[in-house]
Structure formats: structure tokens, C-alpha cells
2 protein chains.
Amino acid sequence: MALSQAILASLAMAGPCSGYDLVKRFDEYISCYWSASHQQVYKELRELEKKGWISPETIAQTGRPNKIVYSITETGKQQLAIWAVLPSDPTPIREPLMIKLKTGGLAPLEPLLAELQRRHQLHQTNLDRLKHFETEVFPQPENPTPADRLHHLTLRRGIRYETEWVEWCEEAIQCVKELIAQSG
Amino acid sequence: MALSQAILASLAMAGPCSGYDLVKRFDEYISCYWSASHQQVYKELRELEKKGWISPETIAQTGRPNKIVYSITETGKQQLAIWAVLPSDPTPIREPLMIKLKTGGLAPLEPLLAELQRRHQLHQTNLDRLKHFETEVFPQPENPTPADRLHHLTLRRGIRYETEWVEWCEEAIQCVKELIAQSG
DNA sequence: TTTGACTATTCAAATTGTTGCATATAAGAT
DNA sequence: ATCTTATATGCAACAATTTGAATAGTCAAA
């Protein structure tokens with residue numbers, strides 16, 4: 001499964017960190033291309049450690065719980081590189097919202113419109129966040145390294161994805177408003 | 001789970017059909033917003049039947065296996081309508097290809113470029129197929145019904161999604177080609 | 001002064017999805 | 001003659017994800 005590679009990639013490219021901080025990375029940056037809950041992350045870290053692909057170091061802290069900082073090992077890097085050149089098919093799409101649209105007509109349209117407006121706002125917020133990352137958090141330097149440029153591509157994908165959603169929501173809201181006006 | 005609603009929606013809006021034909025619907029149209037394997041579909045059909053949300057009718061055929069044609073029941077329609085007005089959060093994103101980009105630099109870039117080109121072609125093919133549906137298979141009539149327009153919105157989403165992928169692939173291919181040229 | 005938010009990690013059950021196999025029949029191609 | 005493709009359905013093992021709970025300390029605000 002690719003969760004392990006997402007973790008390995010983060011440890012390799014953004015540096016060693018604890019499970020807790022890794023979960024934060026997932027919430028903040030990684031979620032635009034890979035989602036994972038904290039339960040998944042902690043479980044996977046234990047398995048990666050068992051395999052010897054990452055190595056733990058317990059950091060004693062005062063005033064808060066100790067934490068375990070993980071680094072990727074040489075074996076881990078090799079395994080990640082092997083995986084990185086394998087082909088991967090497009091991820092299957094599963095969008096409950098589209099099913100809801102399809103059923104439209106069986107149920108009243110007003111709640112659907114409200115839902116589309118809520119989604120519009122959600123995706124707009126996400127888009128703003130990603131654009132902020134692009135310009136403020138990870139601005140491309142004058143002479144970007146290959147890693148900088150590849151990382152930027154993943155951010156571009158997130159921005160395109162959310163842009164597409166925002167635009168589609170606007171199209172859909174317009175359409176459903178017209179349908180409500182016609183029927184009312 | 002939304003698989004059951006995807007099935008109910010198809011039976012309600014596109015008419016009764018067998019498990020086998022439902023799988024074909026998933027492969028052809030539905031996959032642009034919901035994916036499912038035949039194992040999932042057949043299993044779910046049996047569970048929906050047990051709940052009384054769909055009803056089976058065995059059709060005897062000569063020269064090929066008998067088939068079981070399912071229709072949505074009144075209860076099924078009611079349950080679908082109840083579900084359709086519930087809110088649903090954006091689907092979590094999981095794109096292994098982006099992880100591969102992130103790791104770029106640990107592995108050689110040429111296989112990554114080949115993979116991006118393969119994905120470009122895949123998404124282009126998919127886009128062409130969806131555009132064909134839009135113009136040829138489900139052309140919007142002069143006076144579309146609400147169901148026609150809502151169905152069209154789901155197709156629009158698919159077209160936008162694949163368009164975005166094709167464009168991103170082109171951006172990524174350009175970028176990786178430059179990186180290879182620099183390093184070579 | 002207790003309520004809520006943040007740090008830090010773990011366990012377990014239930015649901016959902018993937019992979020591989022299995023069974024028939026029939027039509028058409030090599 | 002055999003091979004592939006299409007019709008039509010099902011089982012079972014496994015992997016991945018979600019949901020819900022639990023522990024345990026610190027800090028700041030109401």
C-alpha cells in the first residue's frame with residue numbers, strides 16, 4: 001500500500017519527525033495528494049520500523065509526553081526508490097455528491113443546492129490554502145533544485161484539482177438554481 | 001456506504017437491470033463518479049434484496065445463462081431520497097503518482113517521465129470517451145428534464161476532472177523533460 | 001475551576017475494497 | 001480442434017480504511 005511510501009517520502013524529503021508531527025504534515029500539505037488518519041499513520045510507523053525501513057529515536061521532553069522521532073534508513077530509501085519507478089493506474093473515483101445529483105428529482109432540490117454551496121465554500125477555502133502554500137510557505141527560489149520543482153508539481157496538482165471543483169460547483173449551483181426557479 | 005446508493009440511483013434513473021448489466025453501467029458511465037468491481041456489485045445486490053430495497057425477477061434465457069433483473073422498490077426509492085439530502089464531505093484524495101513525484105531525485109527521472117506520458121494518454125482517452133458520451137450518447141435535448149440536466153452535471157464533472165489531469169500531465173512532462181535535460 | 005485545546009500515542013471492531021479463484025454456456029475466430 | 005471473448009453469477013481470503021474509544025499530561029481562557 002502507498003501509505004507507507006507517503007510516510008517514507010515525507011521522512012526522506014522533509015526530514016525526520018514524530019508520528020504526531022507526521023499526522024500534522026498529512027493534514028497540512030500531504031492531504032492534497034494522500035489522506036491518512038492518525039490511527040493509520042501510527043500503525044504504519046510500527047510496521048515500517050519492524051521492516052527496518054525507518055528507525056526510531058525516543059526524545060525525552062519535560063512538560064509534555066516523550067516523543068518518538070523516526071528517520072528513514074538506507075534500506076527504506078532503496079525500497080522507496082524501487083517503488084517510485086513502478087507504474088500506477090489512475091485512482092478509482094468515488095464521489096457521493098455525484099450520486100446525490102443523479103438521484104435529484106426523487107428528493108427536493110433545495111437541500112441539494114445548500115449542499116453544493118457548502119461544497120463550493122469548502123473547496124474555495126482549500127484552494128486559498130494551497131495557493132498560500134505556493135506563494136508563502138514553499139515559494140520557488142531563483143534556482144530551484146529538482147526536488148523543489150517536483151514538489152511544486154504536486155502542489156500544482158492540488159491547486160488545479162480544487163480550482164476545477166470550485167468551477168464545477170459554480171456551474172452546478174447555477175443549474176440547480178434554474179431548476180428550482182422553473183419548478184417553483 | 002455509498003455503493004448501495006450508486007446502485008439504487010442507477011436502477012431508479014436508468015431502469016431495472018441485471019447484476020451483469022449493472023457492472024457494465026459502472027464500467028461505462030458510472031465510473032466517472034463511482035467505481036466498483038463485479039464482486040462488490042453482486043454482493044451489494046444480495047444485501048439490498050435482503051433489505052427489500054430492490055426486488056429480483058429471474059429471466060429464463062435460451063442459449064445463455066439465466067439472469068436476475070433487479071428493480072428498485074418503493075422503500076428503496078424512499079431510502080435513496082433520505083440519503084440524497086444528507087451532507088457529504090469531499091472524498092479523501094489518494095494519488096500514488098504524486099508520492100512518486102515527491103520522491104523524485106532518489107530514483108532516476110526517465111521512468112517517471114515515461115509514467116507521466118502513459119498517464120497523459122490514459123486520461124486523454126478517458127476524456128475523449130466522456131466527451132463522446134456528452135455529444136453522442138447523452139446529447140441534451142431541446143427541452144431537457146431536470147433529470148437530464150442533473151445527469152449532465154455529473155458528466156461535466158468527469159470531463160472537467162479528466163481535462164485537469166491532461167493539462168497537469170502536460171505541465172509535469174514539460175518540467176521533468178527540463179530536469180532531465182539539465183542533469184544529462 | 002472546570003472547560004476546552006494541544007501534545008503524544010495506542011487498541012480494537014466494523015466496514016469497505018481488492019485479489020484470486022470458480023462455474024457454466026455459447027459464439028466466433030485461428 | 002482450440003482459443004478467446006462474452007454472458008452471467010458467486011465464494012473466500014486478505015488488505016485498507018473508518019469509527020470509536022482510551023490514556024495522560026500541559027496550558028490558557030472563561
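Protein chains get the first letters and strands the later ones, always in sequence-line order, with residue 1 at the start of each. Quick note: numbers below take in every heavy atom, side chains included, and nothing from hydrogens, waters or symmetry partners. As the structure is a computational prediction, the values presented were derived from the model and not from experiment.
- One atom, NZ of Lys24(A), and another, C1' of dA5(C), lie 12 Å apart when rounded to the nearest Å.
- One finds no side-chain N or O of Arg46(B) lying less than 4.0 angstrom from the OP1 or OP2 phosphate oxygen of dT9(D).
- Side-chain to base pairing of Gln39(B) with dG20(C): one donor and one acceptor N or O lie within less than 3.5 Å of each other.
- Taking atom NZ of Lys67(B) as the reference point, atom P of dT23(C) lies 25 Å away to the nearest angstrom.
- For Arg94(A), a side-chain nitrogen or oxygen approaches OP1 or OP2 of dG17(C) to under 4.0 Å.
- Annotation: Phe138(A) is in aromatic contact with His151(A) [ring centroid separation under 6.0 Å].
- Each of Glu167(B), Glu162(B), Glu170(B) was checked for a salt bridge (charged side-chain N to carboxylate O under 4.0 Å, His left out) with Arg160(A), and the lone residue meeting it is Glu167(B).
- Note: CD1 (Ile59(B)) to C1' (dT25(C)) measures 18 Å, nearest angstrom.
- Nearest nucleotide to the Ser37(A) side chain, out of dA8(C), dT18(C), dT19(D): dT19(D).
- Proximity of Tyr20(B) to the phosphate of dT7(D): a side-chain N or O atom is located under 4.0 Å from OP1 or OP2.
- Positionally, the nearest nucleotide of DNA chain D for Asn66(B) lies more toward the 5' end than for the other of Asn66(B) and Pro92(B).
- The OH-C1' distance, from Tyr70(B) to dT9(D), rounds to 9 Å in whole Å.
- Going from atom NE2 of His38(A) over to atom P of dT7(C) covers 14 Å, rounded to whole Å.
- At a threshold of 4.0 angstrom between heavy atoms, the contacts of Ser18(B) are confined to the sugar-phosphate backbone, with no base atom among them.
- With no hydrogens or angles considered, no side-chain donor-acceptor pair links Gln182(B) and Glu178(B) at under 3.5 Å.
- Using a 3.5 Å distance cut-off with no hydrogens or angles, the side chains of Glu164(A) and His123(A) do not pair a donor with an acceptor.
- Regarding contacts with the backbone of dA16(D), every side-chain N or O of Gln40(A) stays at 4.0 angstrom or more from both OP1 and OP2.
- Taking atom NZ of Lys43(B) as the reference point, atom P of dG20(C) lies 19 Å away to the nearest angstrom.
- Spacing between atom CG of Leu45(B) and atom P of dA8(D) amounts to 14 Å, rounded to whole angstrom units.
- The distance between atom CD1 of Ile7(A) and atom P of dA16(D), rounded to the nearest whole Å, is 12 Å.
- Annotation: cation-pi pair Arg119(A)/Trp165(A) present, NZ/CZ under 6.0 Å from the ring centroid and within 45° of its normal.
- Ranked by how close their nearest DNA chain D nucleotide is to the 5' end, Tyr42(B) and Met1(A) are led by Tyr42(B).
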